[in-house]
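What follows is a set of notes on a single structure, which appears directly below.
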Amino acid sequence: MSEKILSIKDLGKSFGNHEVLRRIDIEVNKGEVICIVGSSGSGKSTLLRCINRLEKQTRGQIFYHDKEVRDVQKEINDYRSKVGMVFQSFNLFNNMTVLENCMLCTRKVLHISKEEAFDRAITHLKEVGMAPYINAKPSMLSGGQKQRVAIARALCMNPEILLFDEPTSALDPEMVGEVLAVMKELATTGLTMIIVTHEMAFARDVSTRTIFMDNGYVAEDAAPEILFSNPKNARTREFLSRYLAG
Ligand SMILES: Nc1ncnc2c1ncn2[C@@H]1O[C@H](COP(=O)(O)OP(=O)(O)OP(=O)(O)O)[C@@H](O)[C@H]1O
Ligand SMILES: [Mg+2]
C-alpha cells in the first residue's frame, strides 16, 4: 500500500475578503510526482506557500505523516527541512559561492559536520551537473545554472518532498530544457515532488498525477493521460484549448 506523506484537508485561504483557496483536499503519497497547472491567479503559489508555511491558511488543516503541521518555530524548521521548496527566483545568496550556498542550510539547520555537508553538496551538485562550478558566485552563472544549484541545495537537506513553484518561469527559453531535464531525472529517483508549472508537455510526461486548479478550487485531479487527453471537467478543457491556441 502507498504511504501517505501529506494530507491537505478542507484548506482555505483568504486575503481580506478575497477567497484565494477554497476547500482544497489533496493527499500526497510517497513517490508521487504531482504537477499543478492552472491559470494565473488560480491559487497555485498560495497553495504551495501554505504547504511550506510561508502563508497561514484561514481554514482547514495540513497533516504531515498524520501529525498536524503547527506554526511553532522549532517544528516549522524541522518540517521545512523535510518539505523543501524551490522558487522561481532561485533565492541563492549572491555573496557566497555555489558550494557555500549548498552547505549553509545543512550546517545551520541540520547541524551536520563540515565533512558531511561537503560530501552532500558535491553529491547533489554532481547530480545536477554543477560540480565544476563549486567556487563560482551565482552572479557568474546563467539562470538555468542558478536554478540547478538551487535544486542541489534543496536536495542537500534530504527532503522527503520537494515543492517547486514555476522553477523555469524566470529562465530564458534556451535554459528551460536543462532544468526540466534535471527534474525529470529526479522524478525517476522516487523523490516525491509537487511542481507548479506552465510546462504542459513536462507535466504530461513526468507527473504521476496532474491537478488542475481553477479559481481557488481543485477542479480536476487525475492521471496525466486522462487530464490532458480526456479531461472530465469543462474548465480543464477550456484551459487546455486556450493553452494550445496560445
Ligand atoms: N499576499 C497577498 N495578499 C493579497 N492577495 C494575494 C497575496 N498573495 C496572492 N494574492 C492573490 O491571490 C490570488 C492567487 O494568487 P497566486 O499567486 O496563488 O496565483 P497563481 O495561481 O500562483 O498565479 P500565477 O500563475 O500567476 O503564479 C491572486 O489574485 C493574487 O493576487
Ligand atoms: Mg504562482
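Small disclaimer: the values here were computed from a predicted structure and weren't measured. Counting convention: from 1, in listed order, for ligands and their atoms alike.
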Give me the residue, atom name and distance of the protein heavy atom closest to [atom].
atom                    : value
atom 3 (N) of ligand 1  : Phe15 CD2, 3.4 Å
atom 11 (C) of ligand 1 : Val20 CG2, 4.0 Å
atom 16 (P) of ligand 1 : Thr46 OG1, 3.6 Å
atom 26 (O) of ligand 1 : Ser40 OG, 2.5 Å
atom 25 (O) of ligand 1 : Lys44 NZ, 2.8 Å
atom 17 (O) of ligand 1 : Ser45 CB, 3.7 Å

Between NZ on residue Lys44 and SG on residue Cys35, distance to nearest 0.5 Å: 12.5 Å
Euclidean distance, Ile194 CD1 relative to Ser207 OG, rounded to 0.5 Å: 12.0 Å
Proximal atoms of ligand 1 relative to [X] (non-hydrogen, under 4.0 Å):
X      : result
Ser39  : 21 (O)
Glu166 : 24 (P), 25 (O), 27 (O)
His198 : 25 (O)
Ser42  : 19 (O), 21 (O)

Cluster overlap Leu48 with Met193, hydrophobic side-chain contacts below 4.5 Å: no
Same apolar cluster (I L V M F W Y, side chains within < 4.5 Å links), Met85/Leu21: yes
Quiz item: cation-pi between Lys114 and Phe118, 6.0 Å / 45°: no
Counting N and O atoms only, with roles assigned by atom type, does the side chain of [X] sit under 3.5 Å from a partner on the main chain of [Y], one being a donor and the other an acceptor?
X      : Y      : answer
Asn101 : Phe93  : yes
Asn215 : Ser42  : no
Asn233 : Ala219 : yes

Gly43 N/O under 3.5 Å from ligand 1 N/O: yes
Any N/O pair Gly41/ligand 1 closer than 3.5 Å: yes
Contact check: Ser45 to the Mg ion (ligand 2), N/O/S below 2.8 Å: yes
Proximity flag Met213 to ligand 1, non-hydrogen atoms under 4.0 Å: no
Close approach of Arg49 to ligand 1, heavy atoms, under 4.0 angstrom: no
Cationic N near anionic O, under 4.0 Å, Glu160 to Lys30: yes
Lys/Arg-Asp/Glu bridge criterion (N-O < 4.0 Å) met for Asp78, Lys74: yes
Is_contact(atom 30 (C) of ligand 1), protein non-hydrogen, under 4.0 Å: no
